[in-house]
Amino acid sequence: MSILALPPVLAALVVLAVPRLMRPAIVLALAVVMMGAFVPGAGLDALSQLVTIALAIIALSVLVFAAGQFAGERRARPIIAASLLVTACSIALVCARTPDMLVTWWVASSVATIALLAIAGRGISQMPARRALLAMAAPDLALIAVTAASARPHIILTVAALCACARAGLWPGRSWVSATVALPTSVSALLHAGVVNAGAILVIRLAVISGEPAWLPWALTAITLLALTARLPRIHARGDLKGTLAESTVAQMSFMLLTVALGFAPMAITHLIGHGIYKSTRFLDSGQAISSRAALRRTAPAGSRASAAHRALGIVGLLVVALVSFLVLPQGARPVLGVVTVAAAGSFWAMCERPLAQLPACWLATALVIPAYSALAAAVGVVLGASAILPAAALPWWTPAVAVITISIIDRLRRRVRRAPVATIGYLPDRASAEPMPVAA
Amino acid sequence: MNAVARDAQLRGVRALDLDSLLAGAFRAAALHMPLDRSVAINPLLSLSELSFDQALTEAAARMGVDPWPTPAHLAAAGVDADESQLMPSTPPVRPMTMLERELGARSRRAQAARTLIGRTLITTCSGDPQQPLPLRLATALPRTLPRALSGRRRALTTAALATSLMETDSLSAALADLPDWTDGQLSDELTAHVARLPGWAAWANWCDWSGGDGHPAALSRELLLALSVGIDLLVCRQHTVEPSPPQPLASAVDSAGAQRLTALERAVHGRILDQLTPASDTPDQPELQVVTCIDVRSEPLRRALEADPGVQTFGFAGFFGVPVSIRRAGESVSYAALPVPLAPSVTATERAQRVPLDADRRQVTGALTAALHEPQTMFALAEIGAFAALPLAAARTAASVGRAGSAAWELPGPYDVDGANLVDHVESALRGMSLTGPFAPHVLLVGHGATSTANAHAAQLDCGACAGHRGGANARILADLLSRVEIRGELARRGIDIPAGTRFLSAEHDTATDQISVAGEIPVSLRQRLDRAREQVRAERAVALFTSARMVPWRAHDWSQVRPEWALAGNAAMIIGPRSATRGAPLDGKTFLHSYDPDADPDGALLEGILAAPMVVAQWINSTYYLSSTCPDVYGAGDKTLASPVGDFAVIAGDDPDLRIGLPWQSVAAGDHPYHLPVRLLVAIDAPAERVRRAVRANPQVASLVGGQWVRLISRDTPDSPWQTWEQIAHADHDRQVQ
């Protein structure tokens, strides 16, 4: 079952022994993983297949990137070998089905992650490794303990949920997830795309196997909601690109665990895959931001701000698209449809805040997202089938959408409250318009 | 006494000479231009009235750096160093700010204060440009202070901090809190604040130096120091410590370091001079004349083109002499496409032949990306973007792979050129490049730029003479002017007779792929010549990049590539003279080559101009490379894999809150092996000593660069006579006066 972890492990050995074969080894190993996921005898269910493929795609792009970025440097071998081990553990975790195997590979991937952080941090910073160790050691040790003691499944699941939160960096204070930006691009990309989200798999698997205690979803909901509202202001506070991406990962992970808690597993899996691809791409492409932002600044905002009527028309249009999608698409699409409608309307509104010549094009882009993403999530639901039906899925389809609306209202209010006292502070006058500097007599 | 000083006196506050305080504090601060158009400026520009050794010593004391070549550099140059040179020097420690002195530089509080200042600035300068900067700064203060600063019982809060900063609303008010300190102590204190965040200091320094250029993130030096001093004072007093004045800065010349530099220069410069053979023949009736930028990367191209004896080449500043500001199609602002010390007097607007689809696409994606970090959108839109982006990225990769092999791209333009004295600019350009006849049937003006992908430091690969932009546009503008009948007529009246059969063509050399694309139709034979030259240059560069020639152009389109090309790494000399003195010499892409015909310049005016602008720019590039190699942590950008963009003007490294300036480590070294050897620029001139002496002394800036040994100037009267050093040139004059 976990045999798919073997190719990356072998590739890691090749990387250490024959660095010249680094790229072929990476490509070959991950190609084998992708093909192996479909071998009938491998005994993988749809959940394992889907996430394994996604992991392999992400690892492929990140590791080939790493091989390019570290080309000719001494650190290339250890970092890429450790990254391959992290990938192997993640794949093994995704393919595991019994509680024992799940816990084993979960802990193994934690250890591999901390090792990768320590290796990549040599000569740069050991802070990320220390933070990760601090965050993950206690819950992981607890998980080993309860599993070894053959505790009741509900207890194992509860501890696993805590482990998932630790892995996703949900605890208060600066989390290990945002500390990883101290390390090279490819390391952050791999961790943010393929490691921090593994908690969802662990919890979904254990919940399907053992059934959930009634209070667990609510506890998890509370934790993730709290983490979400606590984290959102930080996204805007960071400023630098990688820092912003890292903080947004924590918020995204909270949301993903929230959907797990609410019982919408297919939605969580869609989110997990999409976020992984998105985040790894954004990290790897981060150098482009200088020229693309500068180009945007040089471009004339030819249009004017949209009038209230146009805004209203746009929103109504989006709602019509959402309604049609609601009627046409299968029932499984509805939880995502709710969220994505809120998202589309919100982004359209945000776009109207600035002068824009291409408003119709922007509207069209957001409108297309509604049916496209809902259909995609529904398809994921169909593919996953029985492998991801959570016991708690008794909540109505609109729950996630309401959660998103609530979160964004809280965020808005906080930002408004935050701005008020400061706006009255006129400190540090704008020197361009101020008096000339005093000159000594 | 002005109003501010009077007001200060009325309030019982000492009137401070802020200008000289700031100038003193920022003496060793570099100048960081926005990264999207970054141009190398001598990082020690404020110290340039000192000699090079003194300036390095002072920078070492002020910034806590070891600015001399290391034994590793000597080893890379193959120099056998003696023991005295290898003596390990103890690098000076960075001066400490008041908080660091009182609580210890490595204490958690001192580090938290540094982080707080840096982070506040990052948030401020990447914030919404619609709001005024001070307001952004106020909103950027974190909601809660780190525990190390606030104390166990949260005694210090953001509100208290903001209020206190409001009371001490300027640097003079903050410094007025230190009434017992002498001006010298205040200056040393401010120096320590500059050294604590040298990257931010370099950004503020450029903003003040250039007037900010309307940049939305422009930060003044005073604002930076007011924040830094204000926070230090507050935290000190929060912990009931009254800051004590700093000890005076101590500096001593590192003689071992200076010896290493001399040994390295002897080796590197010696090798270049050995290559200079006595004059070789140049074609009398050239079939093709090529004018390139003086950039060191043009040298291999010129050598490759000259493999064909019918080709004659010239070197000239890559903006081709027309001081132009260019506005591209679909853009709302123009850029000054000329060396930083000059000011534009001609405007060029690109005629939009193609619909600027790019601009539209930019707007839509820009709007969508801006919306992505809103909480209501980030949980769904980000991923759908990813699912859509996957096939797009695959398509883009495929397309770029295809592009890497293709022959050429379309040069932008043509341009509507408008300005007074166009003929004057054209004439002085032709005379400056020593291209006054005979003219070949085809004259090719070659600008340069570099293609790279996902590269925050991309502009550092472009043409420095075009202010960190691609130079094809400038070449095209001069070529178009030279094609105008009325301009050719006026030039003929002034003694430059261009035959009617001569065609001026413009081209752009992509220094990352070595493609040369030419505007308009060109004869097949010319295309073949360019393609042959491309293959030769590519093969040469492949060796230095440890790869095969086939793989070289791929680097430009590879988003993981930290080193699309070596750019100007290795630059060590500038040769001012006729091409006959260097033609055929394998100079390895290490020299700036400026064409100069001593016979056509009896009064020395041309030489004066070359020393005053192109040489100064070459020295700026040289010193930027020098300090990025010797002090990668303060004057260099360090490890490029850690770079995280801030706004569109800078990067930070990982989660350190200071901006990173200068060149990334990957641009000057390969792993642990130094590639760029830090030496001063050797300026070798083919001209009579008397003329060189006059030309150097004509311009105070040049005189101090040469006299202060920032460049090593040598000259020879004729290609057969021995080289004379500047000391000999200057002393000969002295001796004559004595006699």
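So you know, we letter chains A, B, ... as the sequences are listed, proteins then strands, and number each from 1. Every heavy atom of this structure was used, including side-chain atoms; hydrogens, water molecules and symmetry mates were not.
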Could you report the tightest heavy-atom contact between [X] and [Y], atom names first, then the distance?
X         : Y         : value
Ser644(B) : Asp240(A) : OG-OD2, 2.9 Å
Phe65(A)  : Trp559(B) : CE1-O, 3.3 Å
Gly647(B) : Arg293(A) : O-NH1, 2.6 Å
Ile290(A) : Leu35(B)  : CG2-CB, 3.9 Å

Measure [X] against the heavy atoms of chain A and call it side chain, backbone, both or neither at under 4.5 Å.
X         : value
Arg328(B) : side chain
Ile652(B) : side chain
Ala653(B) : neither
Phe649(B) : backbone
Val333(B) : both
Arg37(B)  : side chain
Asp656(B) : neither
Ala643(B) : backbone

Heavy-atom cut-off 4.5 Å, strictly under: side chain, backbone, both or neither for [X] against chain B?
X         : answer
Leu359(A) : neither
Phe70(A)  : side chain
Thr270(A) : both

Rounded at 0.5 Å granularity, tell me how far [atom1] in [X] sits from [atom2] in [Y].
X         : Y         : atom1 : atom2 : answer
Arg327(B) : Arg298(A) : CZ    : CZ    : 12.5 Å
Gln69(A)  : Gln666(B) : CD    : CD    : 7.5 Å
Glu73(A)  : Thr641(B) : CD    : OG1   : 7.0 Å
Ile124(A) : Asp639(B) : CD1   : CG    : 5.5 Å

Arg238(A) vs Asp655(B) side-chain heavy atoms within contact, under 4.5 Å: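 SC-SC contact between Arg238(A) and Asp655(B) confirmed.
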
